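Just below is one structure, and these are the notes that go with it.
Since the model is a prediction, treat every value here as computed from it, not as a measurement. Each chain gets a letter, A, B and so on, in the order the sequences are listed, and its residues count up from 1.
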Amino acid sequence: MDNANNEKQKNFITEIIDEHLASGKYNKVITRFPPEPNGYLHIGHSKSIALNFGLADDYGGKCNLRFDDTNPSKEDIEYVDSIKRDIKWLGFDWEEREYYASDYFDTLYEYAVKLINKGKAYIDSSTMDEIKNMRGTPTEPGIESPYRSRSVAENLEMFQNMKLGKYTDGEHVLRAKIDMSSPNMNLRYPILYRIRHDSHHRTGSKWCIYPMYDWAHGQSDSIEGITHSVCTLEFENHRPLYDWFIRELEIHHPQQIEFARLNLNYTVMSKRKLLQLVQEKYVSGWDDPRMPTISALRRRGYTPESIRNFAERVGVAKRDSITDVALLEYSIREDLNKRAQRVMAVLNPIKLTITNLPDDYFEELNAVNNPEDETMGSRKVPFSNSLYIEREDFQEVPHKKFHRLSPGNEVRLRYAYIIKCEDIIKDPKTGEITELLCTYDAETKSGSGKSDKKVKGTIHWVSAKHAINAEVRLYDRLFTEEDPLGDKEKDFTEFINPESLNVIRECKLEPFLKNAEPGSRFQFERLGYFCVDIKDSSDDNLVFNRTVTLRDTWAKIQKKNN
RNA sequence: UGCCCCGUGGUGUAAUUGGCAACACGUCUGACUCUGGAUCAGAAGUCUCCAGGUUCGAGUCCUGGCGGGGCAGCCA
């Protein structure tokens, strides 16, 4: 429904696909998104998800969801559930094509037997250290293993015994015989199977040997008939290995294409680092709204559309780069501006009394729900002589460019009247301003057209008697550094922004918000976009998360002045 | 001192495949405004990492440098 970027951008991948289709190498496009269920999906994954599902969609093909679940000790059903939920929420549909690498364990085993029969794979009984030492380094070739010349019969029998559980963890591995002196380390007798007496979240105790990712991934793609196997740059050096497997096995050959993963400044993206933030309690969980995970962004108030638009705008290329979070923020503002209901909320209240209005004065004023969308209609906002306004909207000694409320000055109350500050009440001890006394101009009612008085500023407010309380959580970027991983001396956790979360209680909201549904999004006028927290909000304790602030030119002016 | 990939405004991507470098974000002006929002109009900013070469013509092709990233898990 949105017009942000309906025209899909061409990129080097679509170029390759176009060539394949033109040459007849493939006659359709089948892609897949292949997560390992060992963590939550993050914004970086959404780039890959949007790419793979988008490609399939653009070319009238299909995109599978496949869990690469080859390592039982790191994976968990909790993660597969969260991954499915997140992809669905983003708006992509794998229909009935929910696959698991573990579904192919039998086939993979047969493939391994085939390789053994061809004399291209053998059982190695070296220890982990020995294997490591014999592998060589990027600049020195490896050394042949003493086990490399075992007979086919012996290899077959031992491989079967591995499967049967006759050995202990680590006792033997199955390796492919490729090239021990290849400059590409991946070809130096890669390990295909390892013994792991571990229960798998899907296959239970059926297996005690598990295929390595390198052995499982390409063949899984092949089994599914994937045409374009899109992955990130670090697998570029693995492509010759995958191609070798496919050739030796004589099975369908997908084309792997590598692209640069998404990086964002002021955050970290690796699952390991994110897990660390969770485990060491720097954040409240995977869905802490400061996290770059999909579940966190959802909780923070991001929309799926905004994330998809963001992914589209970021583009696809082969050079690794760091995208500015400002682009993400732009994407959500753009989306929410069009659809978010406007309301008034005072986060840091100061009392304001209108002295030329009686204590029992009551009036309902008309407020537009969304100036960007007339169909959203309007609502009534209660008005009285006792209000709250934002403390920051008053300056006793105003800055020359400050055009809000100050002594003797006039300002408009949004949807209401123009008021003038007549007096200030201060706490005699602390000197802190506790109340503002103002008069209002009855002729200036919003929309009445009775007065053509102009004021420089308009501020939001809420009627004290009618206001409801809420807790508001203000979020800022999680790290103070653009590149939290950039300092080799310091751990990235040292750069966590101490002000990344600021909880304010007793914020004053207009009563319209009383029954706001968890997850619903609003614009608090002049402040930003907020949504009702889906986890912690309740009828007696409304909790709002700030998704993102509004663009704030005043903040820029202040910054410049400092 | 091995192999693979990549080098275009501040950032991310384009450039009809060899034809006078464009779009978005960001930044800065101005207009408008009952959100210092949104919107609108405009500006600055890239001689395409460097040096050679091919060509009438190179960001695109070739060679050599330089710079960045990846590769030595029984992780993915």
Side-chain angles (χ1 to χ4, degrees), chain A residues 4-5 9-11 15 34-36 38 68-71 73-75 124 126-128 131-133 135-142 169-175 182-188 191-196 209-210 212-214 216-217 231-240 258 260 262 265 271-272 313-331 333-334 337-338 342 344 368 370-372 401-404 411-416 418 444 446-447 454-460 523-528 549-557:
Chain A
N5 252 327
Q9 222 169 41
K10 286 283 166 191
N11 57 54
E15 234 167 82
E36 185 194 13
N38 69 341
D68 271 338
D69 52 352
T70 54
N71 185 355
S73 54
K74 287 190 176 176
E75 296 154 9
D124 201 314
S126 310
T127 65
M128 221 189 281
I131 288 178
K132 179 187 164 81
N133 291 334
R135 187 153 26 222
T137 69
T139 54
E140 308 159 47
D169 284 9
E171 206 174 335
H172 309 288
V173 289
L174 182 72
R175 292 228 260 173
S182 171
N184 183 342
M185 300 290 289
N186 295 120
L187 266 27
R188 325 244 265 224
I191 291 168
L192 272 30
Y193 274 95
R194 74 285 215 185
I195 299 170
R196 204 163 273 194
I209 57 173
Y210 290 94
M212 295 290 290
Y213 173 86
D214 276 348
H217 189 81
C231 65
T232 45
L233 256 25
E234 68 268 30
F235 294 107
E236 210 151 23
N237 290 335
H238 296 235
R239 179 156 32 89
E258 309 85 8
L262 173 74
N265 56 10
K271 278 197 216 170
R272 223 201 99 254
R313 268 188 263 259
V314 161
V316 183
K318 287 201 78 159
R319 66 178 123 152
D320 36 16
S321 54
I322 301 166
T323 296
D324 195 332
V325 280
L327 190 62
L328 217 211
E329 295 173 348
Y330 169 80
S331 298
R333 281 194 195 106
E334 176 197 47
N337 175 49
K338 287 181 306 194
R342 270 61 169 173
M344 290 196 287
V368 171
N370 186 346
E372 305 293 316
K401 284 188 175 174
F402 182 83
H403 36 253
R404 303 178 189 176
V411 79
R412 174 172 288 284
L413 293 176
R414 179 82 162 146
Y415 304 123
I418 290 175
T444 58
S446 219
K454 293 275 182 199
V455 285
K456 274 193 290 184
T458 298
I459 63 174
H460 61 275
Q523 183 195 99
F524 288 1
E525 292 213 37
R526 303 207 307 131
L527 297 175
T549 60
L550 252 27
R551 270 187 66 219
D552 191 347
T553 18
W554 169 240
K556 270 179 204 165
I557 294 170

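Contact annotation for A:Ile322: backbone-only contact, meaning every heavy-atom pair under 4.0 Å involves sugar-phosphate atoms and none involves a base. Nucleic acid contact class of A:Ser73 (heavy atoms, under 4.0 Å, all strands): none. A:His217 comes within 4.0 angstrom of nothing in the nucleic acid, heavy atoms only. Backbone-only engagement by A:Val316 is indicated by non-hydrogen atom pairs under 4.0 Å involving sugar-phosphate atoms exclusively. The residue A:Val314 sits close only to the backbone: its heavy atoms come under 4.0 Å of sugar-phosphate atoms, none of a base. Here A:Glu140 lies out of heavy-atom contact (under 4.0 Å) with every strand. When heavy atoms are screened at a 4.0 angstrom cut-off, A:His403 is found touching base atoms of the nucleic acid. Contacts of A:Thr127 with the nucleic acid, taken as non-hydrogen atoms under 4.0 Å apart, include base atoms. Using a 4.0 Å heavy-atom cutoff across all strands shown, A:Leu233 reaches no nucleic acid atom at all. Across all strands shown, A:Phe402 has heavy atoms under 4.0 Å from base atoms, whether or not it also approaches the sugar-phosphate. Within the 4.0 angstrom heavy-atom criterion, base atoms lie near A:Pro371.
A:Glu334 and A:Arg313 are joined by a salt bridge, as a carboxylate oxygen and a charged side-chain nitrogen come within less than 4.0 angstrom of each other. The residues A:Arg414 and A:Glu525 are annotated as salt-bridged, a charged nitrogen and a carboxylate oxygen being separated by less than 4.0 angstrom. Using a 4.0 Å cut-off between charged nitrogen and carboxylate oxygen, A:Arg196 and A:Asp169 do not count as a salt-bridge pair. Under 4.0 Å is where a charged nitrogen must lie from a carboxylate oxygen, and between A:Glu36 and A:Lys74 no such pair does. Between A:Arg194 and A:Glu171, none of the side-chain N atoms (NZ, or NE/NH1/NH2) sits under 4.0 Å from a carboxylate O, so this pair counts as no salt bridge.
Proximity of A:Lys318 to the phosphate of B:G7: no side-chain N or O atom is located under 4.0 Å from OP1 or OP2. Between A:Arg135 and B:C74 there is a side-chain N or O to OP1 or OP2 distance below 4.0 Å. Between A:Arg239 and B:C4 there is no side-chain polar atom (N or O) within less than 4.0 angstrom of OP1 or OP2. Distances shown here put every side-chain N or O of A:Ser331 at or beyond 4.0 Å from the OP1 or OP2 atom of B:C25. The shortest distance between the side-chain N/O atoms of A:Ser321 and the OP1/OP2 oxygens of B:U13 is below 4.0 Å. The phosphate of B:G36 (OP1 or OP2) has no side-chain N or O of A:Lys556 nearer than 4.0 angstrom. Side-chain N/O atoms of A:Arg196 include none lying less than 4.0 angstrom from OP1 or OP2 on B:C74. Put simply, A:Tyr330 has a side-chain N or O that comes within less than 4.0 Å of OP1 or OP2 on B:C25.
A donor and an acceptor atom never sit less than 3.5 Å apart when one is taken from the side chain of A:Arg412 and the other from the base of B:U33. In the interface, the side chain of A:Glu372 is not paired with the base of B:U39 through any donor and acceptor atom under 3.5 Å apart. No hydrogens or angles were tested; on distance alone, nothing pairs the side chain of A:Arg313 with the base of B:U13 as donor and acceptor under 3.5 Å. A donor-acceptor contact under 3.5 Å links the side chain of A:Arg404 to the base of B:G36. Counting atom types as modelled, A:Glu258 pairs no side-chain N or O with a base atom of B:G70 as donor and acceptor under 3.5 Å.
Closest non-hydrogen pair, A:Pro371 versus A:Arg342, comes out as CD-NE, 3.7 Å.
Of all nucleotides listed (B:C6, B:A72, B:G69), B:A72 comes nearest to the side chain of A:Pro138. Considering only the side chain of A:Glu525, B:U35 comes nearest among B:U8, B:U35, B:A76. Relative to the side chain of A:Ala326, the nucleotides B:U35, B:G70, B:C25 differ in distance, and B:C25 lies closest. Each of B:A38, B:A72, B:C4 was ranked by its minimum atom distance to the side chain of A:Glu236; first place goes to B:C4. When the nucleotides B:G36, B:C6, B:G26 are ranked by their closest atom to the side chain of A:Arg526, B:G36 comes out on top. Residue A:Glu36 places its side chain closer to B:A76 than to any other of B:A38, B:A76, B:U35. Distances were taken from every side-chain heavy atom of A:Thr70 (C-beta onward) to each of B:C28, B:C71, B:A76; the shortest belongs to B:A76. Checking B:C74, B:C25, B:C4 against every side-chain atom of A:Arg194, the shortest atom distance belongs to B:C74.
Taking the P atoms as reference points, B:G9 lies 15 Å from B:A21, given to the whole Å. For the P atoms, the distance from B:U60 to B:C49 is 8 Å, rounded to whole Å. One P atom belongs to B:U8, the other to B:U13, and the distance between them is 9 Å to the nearest Å. Taking atom C1' in both B:G10 and B:C74, one finds a spacing of 46 Å when rounded to whole Å. Nucleotides B:C40 and B:C32 place their C1' atoms 8 Å apart, quoted to the nearest Å. B:G69 and B:A15: their P atoms are spaced 26 Å apart (whole Å). Going from the P atom of B:A24 to that of B:A44 covers 15 Å, rounded to whole Å. Separation of the P atoms belonging to B:C62 and B:C6 is 12 Å when rounded to the nearest angstrom.
With contacts defined as side-chain heavy-atom distances shorter than 4.5 Å, the pair A:Tyr193/A:Ile209 qualifies.
In this structure, B:U17 shows a glycosidic angle within 90 degrees of zero, which is the syn conformation. Classification of B:G73 as syn follows from a glycosidic angle within 90° of 0.
Regarding A:Arg342, its CZ atom lies at a distance of 11 Å from the P atom of B:U35, rounded to whole Å.
Pair check for B:C71 finds B:G2; Watson-Crick or G-U wobble, both atom distances under 3.5 Å. Within the shown strands, nothing qualifies as a pairing partner of B:G57 under the Watson-Crick or G-U definition with both distances less than 3.5 Å. Pair assignment for B:C66 gives B:G7, based on Watson-Crick or G-U wobble hydrogen-bonding distances that are each under 3.5 Å. In a base pair of the Watson-Crick type (N1 to N3 plus N6-O4 or O6-N4) or a G-U wobble (N1-O2 and O6-N3), with each distance short of 3.5 Å, B:A22 is matched with B:U13.
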Practice task
Evaluate the salt bridge (Lys or Arg N to Asp or Glu O under 4.0 Å) criterion for residues A:Lys10 and A:Glu15: first the C-alpha distance (whole Å), next the side-chain angles of each, then the deciding distance (0.1 Å), finally the verdict.
Solution key: CA-CA 7 Å; A:Lys10 286 283 166 191; A:Glu15 234 167 82; over 6 Å; no
